[in-house]
Amino acid sequence: MLIVMRAQATEQDIAQVCARIQSLGFRAHVMPGAERTAVGITGNHGAVPAEEFEGLPGVAEAIPVSKPYKLVSREVKPDNTIVDVAGVQVGGAELALCAGPCAVESQEQILESARAVKAAGGQLLRGGAYKPRTSPYAFQGLGEEGLRYLAGARAETGLGIVTEAIDVETFDLVEEYADCIQIGARNMQNFSLLRRAGRARKPILLKRGMSSTLEEFLMAAEYILSEGNYQVILCERGVRTFADHTRNTLDLSVVPAVQRLSHLPIIVDPSHGTGKRDKVHPMALAAVAAGASGLIVEVHPNPDRALSDGYQSLFPDQFRELAGEARAISALLRSRAEARSQPAAVPA
Ligand code: PEP
Ligand code: MN
């Protein structure tokens, strides 16, 4: 159920609707929009009676939400959500470029990476301090030491940092340092972690599970929003298929599909999406052309010596070239969209 308020509704009208929702034992989610505010309801297991709300002052209508996900849905919030990550507007007009190594390996490595990302025009630095690895014997990340190095790289370059939280136990620590907390593909359906992310005060980058459907992906995001954190960025990172010429199959068709159903921004990870350095550049450009709001790309100062994902990491020069071309495609699409939205010239 969604309560749509009239454009003239006052703060007091909205508060009264929220109070009624709470008195029924449910949770209210106020979603301000460009023209009017809507209030979403969660926590109900059956239909919510519309009559409870229709007579309240300021209420325009009470409409049932047809999808299993509610708060992530465009039915509830028609306007695009823009997520602010350390001043970078993800989902805004500009393409958001996030890059850096798979894992933080040392202070020098992350500083060198951060400088390269900055010099190439990247706006956010990625790097894992806690790594979810297939093998328990593989490098697991530097933990808090890695978080400290990331903070040092931020202090030097001004780049906001995106880093992964892999469990509830270390979430507080990651939240303390990160500007945006990544939930990885393997944890997309770790529901206790998603709920913890929903109580975080930082934006969340939620990666699509490696065999998840669009609905499962949006339901995972719904867990986060349902706990009160509306700052969620979705990320396509490839799914498992029979194809073996790439590590994963980058499902770019999910970008317009998400945009139709959800107001949340979606970015693309062509590094894990392909798993091969030579495929990263073309698929990154394709992602921008498909309408992605940003890219997250693995870049390493010395990929051949990387402790994880070196074979899919770009050299800094390759990232510089990619960033320039990605921005050019994005600017072209933006100027075409602006031209389409201009009123036609009146003939003299
Ligand atoms: C990563 O970003 O380094 C990572 C492990 O990604 P994913 O969860 O998409 O595999
Ligand atoms: Mn990686």
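Both counts, for ligands and for their atoms, begin at 1 and track the order of listing. Starting from 1, each residue takes its place in the sequence as its number.
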### Query
For ligand 1, is K131 a contact, meaning one of its heavy atoms is under 4.0 Å away?
yes
### Task
Would you check whether G128 reaches within less than 4.0 Å of ligand 1, judged by its heavy atoms?
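G128: no contact with ligand 1 (<4.0 Å).
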### Query
Short N/O distance, under 3.5 Å, between R186 and ligand 1?
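Between R186 and ligand 1 (N or O atoms, distance only) the closest approach is under 3.5 Å.
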### Message
Using a plain distance cutoff, I'd like to know if D269 has any nitrogen or oxygen under 3.5 Å from a nitrogen or oxygen of ligand 1.
### Response
no
Could you list the atoms of ligand 1 found under 4.0 angstrom from a heavy atom of [X]?
X    : answer
E298 : 3 (O)
R126 : 1 (C), 2 (O), 3 (O)
G184 : 8 (O)
C102 : 3 (O)

### Task
Look at E52 together with R20 and state whether they make a salt bridge at an N to O cut-off of under 4.0 Å.
yes
### Message
So that I can tick it off, tell me whether D179 and R154 are bridged by a salt bridge, with the cut-off set at under 4.0 angstrom between side-chain N and carboxylate O.
### Response
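Between D179 and R154 there is a salt bridge, with a charged N closer than 4.0 Å to a carboxylate O.
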### Query
How does M210 reach ligand 1, if at all, at less than 4.0 Å between non-hydrogen atoms: by side chain, backbone, both, or neither?
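It is neither part, as no heavy atom is under 4.0 Å.
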Measure the distance from [atom] to every protein heavy atom, then report the residue, atom name and distance (to 0.1 Å) of the closest one.
atom                   : value
atom 8 (O) of ligand 1 : A185 N, 2.7 Å
atom 6 (O) of ligand 1 : K207 NZ, 3.0 Å
atom 4 (C) of ligand 1 : H272 NE2, 3.4 Å
atom 9 (O) of ligand 1 : R237 NE, 2.7 Å

### Query
Run the salt bridge (charged side-chain N to carboxylate O under 4.0 Å, His left out) check on R115 and E156 step by step: do they pass?
CA-CA 9 Å; R115 289 176 194 135; E156 188 193 298; 2.8 Å; yes
### Pair R199-E227, salt bridge (charged side-chain N to carboxylate O under 4.0 Å, His left out): steps then yes or no
CA-CA 6 Å; R199 293 191 294 275; E227 291 289 328; 3.5 Å; yes
Could you tell me if the side chain of [Y] sits less than 4.5 Å from the side chain of [X], heavy atoms only?
X    : Y    : value
L322 : L314 : yes
V4   : R36  : yes
I204 : N229 : yes

### Message
Between the Mn ion (ligand 2) and E298, which N, O or S atom of the residue is the nearest one?
### Response
OE2
### Query
Do you know which N/O/S atom name in D309 is closest to the Mn ion (ligand 2)?
OD2
### Query
Listed by chain and number, what are the side chain to side chain contact (heavy atoms under 4.5 Å, CB included) partners of P68, not counting sequence neighbours?
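P68 satisfies side chain to side chain contact (heavy atoms under 4.5 Å, CB included) with E215, M219 only.
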### Message
Which residue is it: K207, R208, R237? I am looking for the one with a side chain to side chain donor-acceptor pair (under 3.5 Å) to D269.
### Response
K207
### Query
Are Y230 and H29 an aromatic pair by the rule of ring centers under 6.0 Å?
yes
